[in-house]
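To keep things clear, I will list the structure first and then write my remarks on it.
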Amino acid sequence: MAMDMAMATMSHTHTHHQFQTLLSSSTTLSHLKQIHAQILHSNCNSNTLLSKLVLSSCTLSSSSSTLHYALSVFSQIPNPPTHLSNQLLRHLSRSPLPDKTLFLYHNLRTINAFTLDRFSFPPLLKAVSKLSAFSHGLEIHGLASKLGFLSDPFIQTGLIAMYALCGRIMDARLLFDKMSHPDAVAWNTIIDGYCQNGHYDDALRLFEDMKNSGAKPDSVIICTVLSACGHARNIKYGRSVLEFVKDNGLAIDSYLQTALINMYANCGAMELAREIYDGLSSKHLIVSTAMISGYAKLGMTKDARVIFDQMIEKDFICWSAMISGYSESDQPQEALKLFNEMLRKRIVPDQITMLSVISACSNVGTLGQAKWIHTYVDRNGFGRALSVNNALIDMYAKCGNLVKAREVFENMPRKNVISWSSMINAFAMHGNANSAINLFHRMKEENIEPNGVTFIGVLYACGHAGLVEEGQKLFSSMVNEHRISPTREHYGCMVDLYCRANLLRKAIELIETMPFAPNVIIWGSLMSACQIHGEAELGEFAAKRLLELEPGHDGALVVLSNIYAKERRWNDVGLIRKSMSYKGVSKEKACSRVEINNEVHTFMMADRYHKQSDEIYQKLDEVVSQLKLVGYKPSTSSILIDLEEEDKKELVLWHSEKLAVCYGLISRRKESCIHIVKNLRICEDCHSFMKLISKVYQVEIVVRDRTRFHHCSSGVCSCKDYW
DNA sequence: GTAGGGTTAG
């Protein structure tokens, strides 16, 4: 209001000084633009005022419109002073659009090679680090060297961080070792660098080196080291660090309390975190936030929520922590509910909040919600951020819309390894193996270095498409060419690949030679393959190993029971039935959600909660008799409980996805697709049921279950194989 | 005037 008055009374006779005062007190972008217009019309149009305008935009906000405005004003200054370029570089490097730092750098270099001094480099390196833009990093390193800046400790530290965050920890270490007297920041950067690359034990060793070198750790380093202890699950070392802090009289401030709580949480010891928290006379915002994310990490969202609700003062970060807590703990609906509440309270989310919210949408899996959040993201200026777009790719893929996922991917001005991996994985999830593999090759042509997650996607795709040789080639290139050590998941993909191709001997060979103990997933692959390919003996072996790891695993019990029944080993069958009646304690209840006209309806097996329940069961009867005419026979092999065959036939018809699809048939808009999300795996009977419905009723059905998508139309499913 | 600490996408 005051500003508007000032604007209204402003005349062409404003002095330079008055403009400066106005600029300093300006609080919105539109005010800055109004003043800008007045300056241009006045006779005090000068570079000094334009510079001041750039600086004012920098202090205003980091929203993309303000950043673009600052850049455009800057470009109107003919010979910008170096200190101004540096201020802008610094602001951009800290903003959510760090790539604009490199954009400005390239502009500056084209205009004049010497508008950069040593103060320009820390922000440049920071931007490179945030973007993992390694080739730019090398170029900037070269330039710093040419200009003789490599002895500047600020630039040295920036380079160490750059190499470390671009995954070149050895190069970072070489630079660090060259420093004659690394200060606390340099030590912290290299220790943190090891952590960023997952080498937590090395980080702890380096901390010992630091203490031996006589350098004095400060509280920031202690926080970094405690975080390494948490990741390394080394609670013992963590406690010794705490002793060190006390012995050396370091203050235990809020940040340190936070780091301690995080360390305990990562070690699964929330009771120790709680002890610290309860002992605090004043509970700082960030400490409570750490408690929330600590509880949430262990799935204890109720405890997290109690802390959250008790907090008197809340900022957007603790809201984000609670939202991501729900999202990560498989309570995506709660996450979205809280996000809506946050908006109602007019608390402004940041990019990181949006990542959790988008991830929650992915897990809910409904396209309507996905589109809503995409619109929100675009309208609120998050749409340009790389990480947000990466999350959107995954979201659309998981909500069944591969076309939209692809659209987001192709429209991204800049892509990183996560973007490519997300898109590859999207194709793989949807059973589109060739597209996944082609994209992988395109990625390599564009010189993007694949990582472990990228390979999970392509290997999975190869497995489901039966591309054994291609899979083997990729696996060996991962190890030999890309120097990525395979994890249990990679071995899991390869075992599955061999199993699906009926190369069971190869699968077993791999299981025996891999450096990990096989897990539930690996035994499960082998077991299903044996069942399909009629290998009873091996199947029994795999099922037994699986049951040792997870005594209540229903699939394994069914397989075993079938094998025994075939061999008429009734005693063994009886034993299994007995152990089946034990289970059910921790078993997740199956449910299916169907999205109809932007609304979500949830069904459980045989439930009658839906208000159109009668209609739904009527439809189900009609559908079943229609399908029987084209050869549908309910298959009961997925029914685990001990029932008479006729009862089982009834029960399999009441599977939640069947109720969901019938509701879809009643209520969907004409020509629209029926989209179902199931929390567990869809059974074989439901799979063929969907295929037949799609043929008989001429409707497209998309089912997303725990493992993959099933796109059914005209009686065919794109996933081709079922198991 | 320059570097490191609470929520973070595959």
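All values below were derived from every heavy atom in this structure, side-chain atoms included, with hydrogens, water molecules and symmetry-related copies excluded. Computed from a prediction, not measured in an experiment: that's the story for all the values here.
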* To do: Given salt bridge (charged side-chain N to carboxylate O under 4.0 Å, His left out), test A/Glu410 with A/Arg442 step by step and report yes or no.
  => CA-CA 12 Å; A/Glu410 297 296 349; A/Arg442 207 179 114 197; 3.3 Å; yes

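Among the nucleotides B/dG10, B/dA9, B/dA3, the one closest to the side chain of A/Asn425 is B/dG10. Considering only side-chain atoms of A/Ala391, the nucleotide from B/dT2, B/dG4, B/dA9 that sits closest is B/dA9. Counting only heavy atoms from C-beta on, A/Ser359 has its side chain closest to B/dG10 among B/dG4, B/dG10, B/dG1. Side-chain proximity of A/Lys398 to B/dA3, B/dT7, B/dG10: nearest is B/dG10. Side-chain atoms of A/Thr289 lie closest to B/dG6 of the nucleotides B/dG6, B/dT2, B/dA3. The side chain of A/Ser219 has B/dG5 as its nearest neighbour among B/dG1, B/dG5, B/dG10.
Look at CG on A/Asn389: it is 14 Å from P on B/dG10, rounded to the nearest Å. Atom-to-atom, CG of A/Leu89 to P of B/dA3 comes out at 12 Å; the value is rounded to the nearest Å. Rounded to whole Å, atom C1' of B/dA3 lies 13 Å from atom CZ of A/Phe119. If you take CG of A/Leu125 and C1' of B/dA3, they are 10 Å apart, rounded to a whole angstrom. A/His284 places its NE2 atom 9 Å from the C1' atom of B/dG6, with the value rounded to the nearest Å. Note: CD1 (A/Ile261) to P (B/dG5) measures 19 Å, nearest angstrom. We find that CD1 of A/Ile352 is positioned 10 Å from P of B/dG6, with the value rounded to whole Å.
At a cut-off of 3.5 angstrom, the base of B/dG5 holds no donor-acceptor pair with the side chain of A/Asp192. Side-chain N/O atoms of A/Asp315 and base N/O atoms of B/dG6 include a donor-acceptor pair closer than 3.5 Å.
A/Arg205 and A/Tyr194 share no side-chain donor-acceptor pair at under 3.5 Å. Using a 3.5 Å distance cut-off with no hydrogens or angles, the side chains of A/Thr301 and A/Glu334 do not pair a donor with an acceptor. A/His284 and A/Gln257 share no donor-acceptor pair across their side chains, judged by distance under 3.5 Å alone.
A/Ser421 comes within 4.0 angstrom of a base, heavy atoms only. At a threshold of 4.0 angstrom between heavy atoms, the contacts of A/Leu285 include nucleobase atoms, whether or not backbone atoms are also involved. Using a 4.0 Å heavy-atom cutoff across all strands shown, A/Ser362 reaches no nucleic acid atom at all. Across all strands, A/Leu256 comes closer than 4.0 Å to no nucleic acid atom at all (heavy-atom distances). Note on A/Ser422: only backbone sugar-phosphate atoms sit closer than 4.0 angstrom, heavy atoms only; bases stay farther off. When heavy atoms are screened at a 4.0 angstrom cut-off, A/Ser324 is found touching the sugar-phosphate backbone but no base atom.
Between A/Ser293 and B/dT7 there is no side-chain polar atom (N or O) within less than 4.0 angstrom of OP1 or OP2. Between A/Arg94 and B/dA3, a side-chain N or O to OP1/OP2 separation shorter than 4.0 Å is present. Residue A/Lys126 places at least one side-chain N or O closer than 4.0 Å to OP1 or OP2 of B/dG4.
In this structure, A/Arg118 fails the cation-pi test against A/Phe154, since its NZ or CZ atom is not both closer than 6.0 Å to the six-membered ring centre and inside 45 degrees of the ring normal.
With centres under 5.5 Å and a plane angle under 30°, the ring of A/Tyr255 is stacked against the base of B/dG5.
Residue A/Val225 forms a side chain to side chain contact (heavy atoms under 4.5 Å, CB included) with just one option from A/Val220, A/Val241, A/Leu206, and that option is A/Val241.
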